[in-house]
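In what follows, chains are A, B, ... by sequence order, proteins preceding strands, each numbered from 1.
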Number of protein chains: 4
Amino acid sequence: MPKIVDSEQYRKEILYKCFDLFAEKGYANVTTRQLSKELGISTGAMYHYFPSKQALFEQLVEEVSMQEFQLFKTAARGHPLSERIQALEMLLIENEDHFIKQAAIWVDFYQHHEIAEINENPVFQKIDRRSQQEISEFLNLTDLKLARFIWTLINGILIEQLEDDGSFSFREQIHLLTQMLIAYFEKYSPD
Amino acid sequence: MPKIVDSEQYRKEILYKCFDLFAEKGYANVTTRQLSKELGISTGAMYHYFPSKQALFEQLVEEVSMQEFQLFKTAARGHPLSERIQALEMLLIENEDHFIKQAAIWVDFYQHHEIAEINENPVFQKIDRRSQQEISEFLNLTDLKLARFIWTLINGILIEQLEDDGSFSFREQIHLLTQMLIAYFEKYSPD
Amino acid sequence: MPKIVDSEQYRKEILYKCFDLFAEKGYANVTTRQLSKELGISTGAMYHYFPSKQALFEQLVEEVSMQEFQLFKTAARGHPLSERIQALEMLLIENEDHFIKQAAIWVDFYQHHEIAEINENPVFQKIDRRSQQEISEFLNLTDLKLARFIWTLINGILIEQLEDDGSFSFREQIHLLTQMLIAYFEKYSPD
Amino acid sequence: MPKIVDSEQYRKEILYKCFDLFAEKGYANVTTRQLSKELGISTGAMYHYFPSKQALFEQLVEEVSMQEFQLFKTAARGHPLSERIQALEMLLIENEDHFIKQAAIWVDFYQHHEIAEINENPVFQKIDRRSQQEISEFLNLTDLKLARFIWTLINGILIEQLEDDGSFSFREQIHLLTQMLIAYFEKYSPD
DNA sequence: AATGAATGAGGTTTCATTCAT
DNA sequence: TATGAATGAAACCTCATTCAT
C-alpha cells in the first residue's frame, strides 16, 4: 500500500509545516486560510487530510509528542546522575527549536480543552503522562514527582523563549538549570 | 471628583472580573458576550468603559502587573538570602491564585503582540521589565539575569498549574524550587 | 414583558417572510444570504433570532403547522358530511397560498430528517399527526385512515400546483376532488 | 458498435443506482462523493459518463420517465373503464418502488428548474406531458384534465409514502383511490 | 450611562468539478 | 478509461463593534 504510506508521510509533513505557525501565533490566531497559504495548498486540500482545524491541531500535538518521545528514546544518557543531567542539557540544546515550539502548542492545547476532555481521551491521557515518564526514565529517577517537576522548570525556560528578546539565551538558561539541579542532588542525594 | 474615582474603581472591578475568564480560556477563546455576561452588564456598557476588547485586555495586563508590583513592594523580606527566598515562597503561596492567572495572561499577551510592538510601547516596556526588577530587588540580587531566571522557573510552575490535575500542589512545587535555589546558593555564593 | 412579546412577534414575521423562499426553491437551494436579503436584515441579525438555518426551518415548519391548526379550528363546518366537505373545499380555496407552500416545505422537511429523528422529537411527532387529527375532526370522520387518505389526495393537488403552468387551477382541482369524495360517500356510507 | 452499446448500458446502470439516493435524500442533499461511493466508482469516472451532477440528474429524470412510459405501454389494460382502473391499480402496485421514487425526483426536479426553463427544453416538455398522455391513453379517457387529475391524486399517495411510517400501505391507499374513482365514474358517466 | 439588537467582515467548512497520473 | 487528490467559490456561521433607544 504505497499510496497510504505516501499519504501518511504527507500528512506528517503538513503537520510540521503548521507547527511554526501555531507555536508562534497560537491556535486561535491562525486562520485556515493562513495555514493553507503557508502549506502552499488549497484549503480544500487541507480538509482532505484533516477533518477540521481542531483535528489538525490535535494531531499536531500528538505527532509532535511522539517525536519528542523518539528524541528521548534515542538520546545518549550517561551513567551517574550528573552525567544524565548533562545528557538532558545536550538533548534540549540540540533540539531547542522543537522543544520551544512544543511548549507553546502545549499551553494552547490546554486552553482549548477541558481537563475532563483530555482525561477521557486515551490518546491525550497517554501524551499527558509522557513528559513525566520520559524524564524519569531518562534521568533514571525513581521519584516521579521530582522528574515531572524538573520538566516543569524546563517548560518555564522554554516558554520564556517565546517572549525572547535574545538577551538571555536558551543555552545559558538550560545550563544554569543544570547547575542548579546538580547542586540540589549533591546536597540531598549524594551518590 | 468622586465620580471619576468611582468610575475608575468600577473600571478596575471590571478588569478583575475578566481576569479569571481570560486566564482560564485565553484571550481569543473568550467572546465579548461571555465577558459582559460574566460581568453582569451589557456589551454596550463594556464598550463604555473600554474602547475595545484588545484595550480591555491590555489594561488588564497593566493593572494586574501593577498589583503584582504592590505585592512585592509590601511583602516582608527577611535578611540573609535564604530568608529572602523563603519570603518569596510565602508571597507566592499566599497569592497563588493571582500569580497563576497572571502567568496565563502573560503568555497570551505575548502571542497577541509582536515583540516590536511591545518594545515600542513604553507602558509595556516597563511592565515587561517588572519581574526582573521586582525579583532582583526582592532577593537583593545584583545578578539581574539570575533574578530573571528564577522568575522564569517560577513561571514554569505557575503555568503547570493551569494544566492542573491537582496531584502535585503549587505549594509543594514552590517549596521544592526554594530548596533547589538554596542548595544552589549554598554551593556557589555561600555568604 | 413587552419586549419578549415584540421579539416573539418579530421572530414569527421572519418565519413567514422565509416561507415563500423555502417553499419555492427548497431548503437547500436558499442561502442564508438570500434569506437575510429577503428579510431586509443582516445575516448576523438572523442568527440573533435563530441559532441556525436548520433551526429556522424547523421553527418555520412548526409555526406554519400551528397556523394551519388555527385555520381548521376557526373555520365553519356545516353539518351533514357533504356540507362539511364543501366547508373543507372553501377553507382550502380561501387559503390556497398557505396550503400550497405548506405542502412544499413539508416534503422538504422529510427529505432533511430521518424518520427516526422525527419520531424522537415530541414537537414533530405532534405536528406529524396534525393533519390526520385536523381532517378527521373537521369532517367528523371516525375512520382516521380515511381522513388521512383524503389529506394525502389534497396534498397531491397542492404539490401539483408547485409545478403549475396555470392551466388547471387549484380551485377546479379541489372542486373535482370534492365531487369525487361526495360520490364515494354517497355510495359507501349514505346517511 | 458493441462498445457504445455497453457504455450506454453502463450509463443507464449508473442512473438507476443513483435513483434511490436522489429519491430518498433529494438532489441537493446528495453529494457527488456519496453518489460515486454508492456507485462503487470514482468521482472522476462519474464525470466521464456525465458532464455534471445536474446533467446526471436530468438524464435520470429522463430515463426514469422513459421507463415509466414503457411500463404503461406494456401493461395489460382491460376494456370497460372499471377494468382499466383496476389494471392501473395493478400496474402501480407491481411497480410501487419505481413510482414512489419517481414521484420524489419529480418534485425535486421542479424545485431545481424554473418553469420557463422546462418549457424551453423540448425533452422536458415532452416528459412533462407524459403522465397526462399516458394516463389518458391507458384509461382511454377523452378528458385530458381528468386524466391528469387522477395522476395528481396518485402522486399524492406516492409522496405520502416517502414519509412512510408503514402504518397505511401503498396497496391499501391505491385501492381506496380506485374505489373512489369507480364511485365517481358510476355517478357521472355510467356506461 | 446602559441596553441589546443589528451589522458585516471574516472565519471555518463543504463540495462540484478538474486534472495529473 | 479510471483514480482521487486538489481546487476555490461559496456556503454557514461567529463575534467585535456600533447605535437607536
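Close to F/dA16, at under 4.0 Å from its OP1 or OP2, lies no side-chain N or O of B/S52. Dashed line: the shortest gap from a side-chain N or O of A/Y47 to OP1 or OP2 of F/dA6 is not under 4.0 Å. Distances shown here put a side-chain N or O of C/T32 below 4.0 Å from the OP1 or OP2 atom of F/dC12.
Spacing between atom CZ of B/F57 and atom P of F/dT17 amounts to 14 Å, rounded to whole angstrom units. In this structure, B/F50 atom CZ and E/dA1 atom C1' are separated by 15 Å, rounded to whole Å. Atom-to-atom, CD of A/Q34 to C1' of E/dT12 comes out at 13 Å; the value is rounded to the nearest Å. If you measure from atom OH of D/Y10 to atom P of F/dT1, you get 11 Å, rounded to the nearest angstrom.
Each of D/H48 and B/K53 lies near DNA chain F, and the nucleotide nearest D/H48 is the one positioned closer to the 5' end. Closest-nucleotide positions on DNA chain F for C/G44 and A/I41 were compared, and the one nearer the 5' end corresponds to A/I41. With the nearest nucleotide of DNA chain E identified for both B/G40 and A/A28, B/G40 has the one nearer the 5' end.
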Step-by-step salt bridge (charged side-chain N to carboxylate O under 4.0 Å, His left out) determination, D/E38 to D/K17: CA-CA 7 Å; D/E38 180 82 1; D/K17 281 187 190 162; over 6 Å; no

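Counted by atom type alone, C/H113 and C/Q54 present one or more donor-acceptor pairs between their side chains at under 3.5 Å.
Listed nucleotides: F/dT18, F/dA10, F/dA6. Nearest to the side chain of B/T43: F/dT18. Considering only side-chain atoms of A/R33, the nucleotide from E/dA16, E/dG11, E/dA6 that sits closest is E/dG11. Closest contact between the side chain of D/S42 and the listed nucleotides E/dC15, E/dA2, F/dT3 involves F/dT3.
In this structure, A/K101 fails the cation-pi test against A/F22, since its NZ or CZ atom is not both closer than 6.0 Å to the six-membered ring centre and inside 45 degrees of the ring normal.
Here the CG atom belonging to D/L35 is positioned 5.0 Å from the CE atom belonging to D/M46, to the nearest 0.5 angstrom.
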